[in-house]
J.: 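Please find one structure pasted underneath; my questions will follow.
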Amino acid sequence: MTKKIEKIAVLTSGGDAPGMNPCIRAVVRTALAQGIQVAGIQGGYEGLIQGNFEMMGARDVGGILQRGGTILCTARSKEFRERQGQMKAIRQLNNESIDGLVVIGGDGSINGAQKLIDQGVNVIAIPASIDNDIFGTDMCIGVDTALNTIVDAIDKLRDTASSHNRAFLVETMGRLSGYLAIHAGIVVGAEMVLIPEIPFTVDEIASVVDHAYLRGKNHAIIVAAEGVKPSVNELAAMIEERKLGFHLRVSILGHIQRGGRPTAFDRMLASRMGYKAVEFITSEQQGVMTGLVGSIIAPVPISDVVSRKKSVNMDYIEMARQLAK
Ligand code: ADP
Ligand code: F6P
């Protein structure tokens, strides 16, 4: 028999992602509807170590569905990476009589959650990261909004690229994952996509840019994920040296991709995952992540999530190549 859940806590951790707020709202309101008290922890694992708990009511999460960022704030905590930090965190949870913890965050945050689970803490993880690099879920909260931001930015860059007959090398975020770049590349009609998972050469890039010029195109867009090596600035210098038909400009989209109003898709995903997290935390389903598997939100063991890597869809790589012809 599992212990009756009377009080849970929720935190957001790692890089913020649009949709974290609707997710917090769903966790708080679902728990309250079931007679469970909820404490919000300000500042991720760092706040947990410091004991930054505050009880949350239904009105505390009003008016946040449409807001990017996270009202609970987030952090990257060095101290929590160490066993001593994790022990302090567990002591704080015990002091506050917390029966279960909901961690909303990315890959690193879920690795952190596993450390608490190893010590017997009842933790449910909710995947939220624009990188979409988490095994066990088709989508993370924030990805759809970030992709829409990227598409909007590249559509604008194409206007200026065409007006000046230029090539653009556009860098998306994604840490070591090419997900955002490949998806953006397909939906903006990029001439080429560079991702860390697939090797490429400067010759190949130069040839794509040259062909676009010689075929009479008035621009060329190359989308590169931030994890590529050489970096976009190094690549740009090497490409410019070759004196191609198009001059090249670099645009690094940066943190703008993490902000903004969550799309309807992200609000729905966040609401569904927050709702399910409370169901999982009160059931036998402990130590799981809310994964979007096909069209359902399924309990995915966190031990699997942290021990496996999400791989890039090779079909999309080939599709991007063929559609760019
Ligand atoms: P994200 O969750 O967006 O991937 P990070 O990788 O920065 O962001 O992770 C967020 C926080 O999770 C880190 O600052 C750290 O406190 C914690 N964390 C990450 N990896 C581990 C780990 N292997 N063990 C313990 N804690 C970790
Ligand atoms: O994990 C989300 C992310 O935006 C990555 O795409 C990027 O590499 C990283 O976080 C940037 O981190 P910071 O906000 O610390 O600059």
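Atoms within a ligand are numbered from 1 in the order they appear, just like the ligands themselves.
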J.: Does ligand 1 come near enough to Gly14 that some N or O of the ligand is less than 3.5 Å from an N or O of the residue?
T.: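 Such a contact does not occur with ligand 1.
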
J.: Ligand 1 versus Arg76, non-hydrogen atoms closer than 4.0 Å: side chain, backbone, both, neither?
T.: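 It is both parts that get close, each with some atom under 4.0 Å.
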
J.: Taking both backbone and side-chain atoms of Ala75, is any N or O found less than 3.5 Å from an N or O belonging to ligand 1?
T.: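 In fact, backbone or side chain, Ala75 has no N or O that close.
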
J.: Quick one: closest heavy-atom pair of Cys23 and Ile104, and the distance?
T.: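 Smallest heavy-atom distance, with atoms named: SG-CD1, 3.7 Å.
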
J.: Among all protein heavy atoms in this structure, tell me which lies nearest to atom 11 (C) of ligand 1, with the distance rounded to 0.1 Å.
T.: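 Here the closest protein heavy atom is Ser13 OG, 3.8 Å.
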
J.: Given Glu79, which partner from the list Gln84, Lys88, Gln50 fulfils the side-chain hydrogen bond (donor to acceptor under 3.5 Å, both in side chains) test?
T.: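 Exactly one option meets the side-chain hydrogen bond (donor to acceptor under 3.5 Å, both in side chains) with Glu79, and it is Lys88.
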
J.: So, regarding Arg258 and ligand 2 (criterion: nitrogen or oxygen to nitrogen or oxygen, under 3.5 Å), is there a contact or not?
T.: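 N/O-N/O distance below 3.5 Å exists for this pair.
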
J.: Which one of Gly112, Gly85, Gly142 has a non-hydrogen atom at the shortest distance from atom 27 (C) of ligand 1?
T.: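 Of the listed residues, Gly112 has the closest heavy atom.
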
J.: State the atoms of ligand 1, each with its element, that fall below the 4.0 Å cut-off from a heavy-atom position in Asp107.
T.: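 Going through ligand 1 atom by atom, the ones under 4.0 Å from Asp107 are 2 (O), 4 (O).
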
J.: What part of Gln86 sits under 4.0 Å from ligand 1 if we count only heavy atoms: the side chain, the backbone, both or neither?
T.: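 The part of Gln86 near ligand 1 is the side chain, not the backbone.
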
J.: Around atom 7 (C) of ligand 2, find the nearest protein heavy atom and jot down its residue, atom name and distance.
T.: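 For atom 7 (C) of ligand 2, the nearest protein heavy atom comes out as Glu226 OE2, 3.1 Å.
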
J.: In the structure I gave you, are the side-chain heavy atoms of Val143 and Tyr179 within less than 4.5 Å of one another anywhere?
T.: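 Touching, per the 4.5 Å side-chain cut-off.
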
J.: Ring pair (Phe, Tyr, Trp, His ring centres under 6.0 Å): which pairs involve residues 284-325, sequence neighbours left out?
T.: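 Non-adjacent pairs meeting ring pair (Phe, Tyr, Trp, His ring centres under 6.0 Å): His183-Tyr316.
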
J.: Which residue holds the protein heavy atom closest to atom 19 (C) of ligand 1, what is that atom called, and what is the gap in Å?
T.: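 The closest one turns out to be Gly108 O, 3.0 Å.
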
J.: Arg76 heavy atoms, cut-off 4.0 Å: which ligand 2 atoms fall inside?
T.: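 Checking each atom against Arg76, I get 9 (C), 10 (O), 11 (C), 12 (O), 13 (P), 14 (O), 15 (O).
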
J.: Checking a contact table here: which protein heavy atom is nearest atom 23 (N) of ligand 1, and how many Å away?
T.: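 Atom 23 (N) of ligand 1 sits closest to the protein heavy atom Lys115 NZ, 3.5 Å.
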
J.: Counting neighbours of CZ on Arg215 that are heavy atoms of other residues, nucleotides or ligands and sit closer than 6.0 Å, is the number greater than 12?
T.: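 Yes, the 6.0 Å shell around CZ holds more than 12 heavy atoms from other groups.
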
J.: Looking only at distance, does Ile130 have an N or O less than 3.5 Å from an N or O of ligand 2?
T.: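 Among all N and O atoms of Ile130, none is under 3.5 Å from an N or O of ligand 2.
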
J.: Determine, considering heavy atoms only, which of Asn132, Asp131, Leu180 sits nearest to atom 5 (C) of ligand 2.
T.: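 Residue with the shortest heavy-atom distance to the ligand atom: Asp131.
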
J.: Please report the closest heavy-atom contact between Val278 and Val27, naming both atoms and the distance.
T.: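 Minimum heavy-atom separation between Val278 and Val27: CG2-O, 3.6 Å.
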
J.: Please classify the Glu79 to ligand 1 contact at 4.0 Å (heavy-atom distances, strictly less than): side chain, backbone, both or neither.
T.: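 No part of Glu79 is near ligand 1 at this cut-off.
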
J.: Are there over 12 heavy-atom neighbours, none belonging to Met55, within less than 6.0 Å of that residue's CE?
T.: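 For Met55, atom CE is crowded (more than 12 foreign heavy atoms under 6.0 Å).
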
J.: Got the closest protein heavy atom to atom 16 (O) of ligand 1, with its distance?
T.: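 Nearest neighbour among protein heavy atoms for atom 16 (O) of ligand 1, to 0.1 Å: Ser77 O, 2.6 Å.
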
J.: For the atom pair OG1 (Thr137) and CD1 (Ile297), what is the distance rounded to the nearest 0.5 Å?
T.: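 Atom-to-atom, Thr137:OG1 and Ile297:CD1 are 7.0 Å apart.
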
J.: I'd like to check which ligand 1 atoms, numbered from 1 as shown, lie under 4.0 Å from a non-hydrogen atom of Gly106.
T.: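 Matching atoms, with element in brackets: 1 (P), 2 (O), 3 (O), 4 (O).
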
J.: In terms of heavy-atom contacts, does CD1 of Ile256 have more than 12 from other residues, nucleotides or ligands at under 6.0 Å?
T.: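 Incorrect, the count does not exceed 12.
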
J.: Tell me, do Asn95 and Gln92 make a side-chain contact under 4.5 Å, heavy atoms counted?
T.: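 Counting from C-beta outward, Asn95 and Gln92 do come under 4.5 Å.
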
J.: Numbering the atoms of ligand 2 from 1, which are under 4.0 Å from a heavy atom of Gly174?
T.: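 Those atoms are 6 (O).
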
J.: At what distance, to the nearest 0.5 angstrom, does CG of Asn111 lie from CD1 of Ile134?
T.: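 Asn111 CG to Ile134 CD1: 9.5 Å, rounded to 0.5 Å.
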
J.: Check each atom of ligand 2 against the heavy atoms of His255 and keep those under 4.0 Å away; list them by number with element.
T.: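 Within the 4.0 Å cut-off of His255, ligand 2 contributes 13 (P), 14 (O), 16 (O).
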
J.: Using side-chain heavy atoms (C-beta onward) and a distance below 4.5 Å, is Pro127 in contact with Thr290?
T.: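 Pro127 reaches Thr290 side chain to side chain.
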
J.: If I apply the N/O under 3.5 Å rule, does Tyr45 come out as touching ligand 1?
T.: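 No; every N/O pair is 3.5 Å or more apart.
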
J.: Out of curiosity, Ile205 CD1 to Glu191 CD, how far, rounded to the nearest 0.5 Å?
T.: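 These two atoms lie 13.0 Å from each other.
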
J.: So which heavy atom in the protein is nearest atom 3 (O) of ligand 1, and how far is it from that ligand atom?
T.: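 Looking only at protein heavy atoms, the one closest to atom 3 (O) of ligand 1 is Gly15 N, 3.0 Å.
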
J.: Considering both backbone and side-chain atoms of Ser109, is one of its nitrogen or oxygen atoms within less than 3.5 Å of a nitrogen or oxygen in ligand 1?
T.: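 In this structure, Ser109 places an N or O atom under 3.5 Å from an N or O of ligand 1.
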
